[in-house]
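So the structure is just underneath, and the comments pick up after that.
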Amino acid sequence: MPPAKLSLMDGRVLIVEDDPDIQSVLAFNLERAGFETISTDRGATAIRIVREQPIDLVLLDVMLPDIPGFDVCREIRSGQVSSQVLVLMLTARGQEPDRLQGFESGADDYIVKPFSTRELVLRVRAVLRRGDKVTPLRRGEFTHGGLTIDEKAHRVFVAAEEVRLTSIEFKLLSQFATRPGVVLTRPQLLADVWNMPGELMTRTVDTHVKRLREKLGPAGRFIETVRSVGYRFDPDGGA
């Protein structure tokens with residue numbers, strides 16, 4: 001069973017933070033804002049929780065005593081059920097390589113310490129709102145903003161008009177639709193769509209994304225370019 005979808009004001013947040021003071025502050029402020037929270041200081045426990053319980057968002061520290069947060073995020077993303085859980089990473093390291101590593105591991109957003117609790121609550125709500133705008137391909141169908149994907153029939157429609165896609169284009173679109181809001185890097189897409197080594201230097205991904213956007217017409221706006229990283233499905237459509 002997939003995690004239950006809760007409303008923004010009663011969303012369930014898993015806090016993964018090894019500093020007990022920070023953990024308490026986060027839990028207090030999120031609960032005061034209307035969220036239900038669960039807390040742990042171990043990455044392995046976090047992985048087990050998201051696979052066994054309905055969780056809307058994981059607030060994940062990078063530096064954990066047992067497993068690095070980046071690896072925890074990757075493990076969450078690899079699960080059939082837990083891959084739909086949103087992840088907001090916390091870290092004291094704000095340099096670009098660290099942020100890129102966070103997105104490459106599958107994080108939906110990234111916040112650098114120190115931060116105000118008000119900012120944190122707003123960021124949590126923003127990530128949840130973004131993830132709630134679309135219906136992922138959990139049962140073989142997807143529809144959003146005039147775009148319809150029928151995974152079983154291998155058909156795509158934009159404003160009720162069928163769009164003819166190649167098998168690679170369809171698979172590429174499905175990768176975006178199943179992970180709304182998540183930044184997908186070029187190496188990830190090469191591996192998942194083409195089964196090619198991620199380190200391979202090629203314009204294959206960019207070329208196919210360009211063609212896919214052209215074929216989708218107005219729905220092509222949902223595929224957003226994330227500069228120097230890759231692409232993501234943006235539910236706001238660049239608005």
Side-chain angles (χ1 to χ4, degrees), residues 1-133 179-183 232 235:
M1 291 288 290
K5 192 64 182 175
L6 306 178
S7 68
L8 293 178
M9 293 305 295
D10 63 358
R12 205 167 193 219
V13 178
L14 171 61
I15 300 169
V16 190
E17 168 63 61
D18 65 328
D19 185 314
D21 294 330
I22 296 177
Q23 188 183 106
S24 297
V25 168
L26 292 173
F28 173 79
N29 282 277
L30 286 169
E31 288 171 7
R32 188 172 66 173
F35 296 95
E36 179 184 356
T37 69
I38 304 174
S39 299
T40 181
D41 61 356
R42 294 292 188 273
T45 304
I47 293 168
R48 176 178 55 79
I49 290 173
V50 296
R51 289 178 174 172
E52 296 177 355
Q53 300 184 37
I55 299 293
D56 286 288
L57 182 141
V58 179
L59 203 53
L60 178 61
D61 189 23
V62 169
M63 303 298 289
L64 296 171
D66 59 341
I67 306 173
F70 297 128
D71 291 342
V72 174
C73 188
R74 291 189 188 94
E75 191 65 26
I76 289 173
R77 286 284 175 250
S78 70
Q80 184 176 359
V81 171
S82 60
S83 62
Q84 301 296 341
V85 176
L86 300 165
V87 179
L88 174 57
M89 300 199 79
L90 305 175
T91 182
R93 302 184 304 186
Q95 291 80 12
E96 182 178 3
D98 299 311
R99 293 197 302 273
L100 294 181
Q101 188 175 358
F103 286 127
E104 288 172 356
S105 67
D108 297 282
D109 205 351
Y110 199 100
I111 188 167
V112 179
K113 301 176 184 178
F115 49 81
S116 70
T117 53
R118 183 172 181 271
E119 178 192 3
L120 176 71
V121 170
L122 290 174
R123 294 283 283 274
V124 167
R125 283 182 175 158
V127 172
L128 284 169
R129 189 179 301 115
R130 188 172 68 200
D132 196 43
K133 285 181 179 286
R179 290 180 271 187
V182 176
V183 178
R232 70 179 162 203

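Sequence positions, counted from 1, serve as the residue numbers for this chain.
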Check residues 13-20 and write down every donor-acceptor pair under 3.5 Å in which the side-chain atom is one partner and the other belongs to a residue at least two apart or another chain.
from: Glu17; atom 1: OE1; to: Lys113; atom 2: NZ; distance (Å): 3.1
from: Glu17; atom 1: OE2; to: Asp19; atom 2: N; distance (Å): 2.9
from: Asp19; atom 1: OD1; to: Asp21; atom 2: N; distance (Å): 2.9
from: Asp19; atom 1: OD1; to: Ile22; atom 2: N; distance (Å): 3.3

Holding to side-chain hydrogen bond (donor to acceptor under 3.5 Å, both in side chains), I want the full list of residues that pass it with Arg118, two or more places apart in sequence or in another chain.
none
Any residue meeting side chain to side chain contact (heavy atoms under 4.5 Å, CB included) with Ser24, in chain and number order, not counting sequence neighbours:
none
Once you round to the nearest 0.5 Å, how far does CG of Leu90 lie from CZ of Phe115?
5.0 Å
Please report the interatomic distance OG1(Thr45) to CD1(Ile38), rounded to the nearest 0.5 Å.
12.0 Å
Which distance, rounded to the nearest 0.5 Å, do you find between the CZ of Arg125 and the CG of Leu57?
12.5 Å
Minimum heavy-atom separation for Ile47 and Val50, please, with both atom names.
O-CG2, 3.2 Å
Closest non-hydrogen atom pair between Ala46 and Val72, with its separation
CB-CG1, 4.5 Å
With no hydrogens and no angle check, is any side-chain donor or acceptor of Arg12 less than 3.5 Å from a backbone partner on Phe35?
no
For Met89, is there any backbone N or O sitting under 3.5 Å from a side-chain donor or acceptor partner on Asp61?
no
Does the side chain of Thr91 come within less than 4.5 Å of Ile111's, by heavy atoms?
no
Closest non-hydrogen contact found for Ile67 with Ala44 is CD1-N, 3.7 Å
Identify, with sequence neighbours excluded, every residue that meets side-chain hydrogen bond (donor to acceptor under 3.5 Å, both in side chains) alongside Thr37.
Glu31
Where at least one partner belongs to residues 37-47, residue pairs that pass salt bridge (charged side-chain N to carboxylate O under 4.0 Å, His left out), sequence neighbours excluded:
none
Tell me, please, which residues at least two apart from Glu52 pass side chain to side chain contact (heavy atoms under 4.5 Å, CB included).
Arg48
Are Val62 and Pro68 close enough that some pair of their side-chain heavy atoms sits under 4.5 Å apart?
no
Taking it one step at a time, do Leu86 and Asp56 satisfy side-chain contact (heavy atoms from CB on, under 4.5 Å)?
CA-CA 6 Å; Leu86 300 165; Asp56 286 288; 6.0 Å; no
If every non-hydrogen atom of Asn29 is compared with every non-hydrogen atom of Val121, which pair is closest and at what distance?
O-CG2, 4.2 Å
Indicate the atoms forming the closest heavy-atom contact of Ala27 with Ser39, along with that distance.
CB-OG, 4.3 Å
Measuring from Phe28:CZ to Gln23:CD, what's the distance to the nearest 0.5 Å?
15.0 Å
Student check: side-chain heavy atoms of Leu88 and Leu120 closer than 4.5 Å:
yes
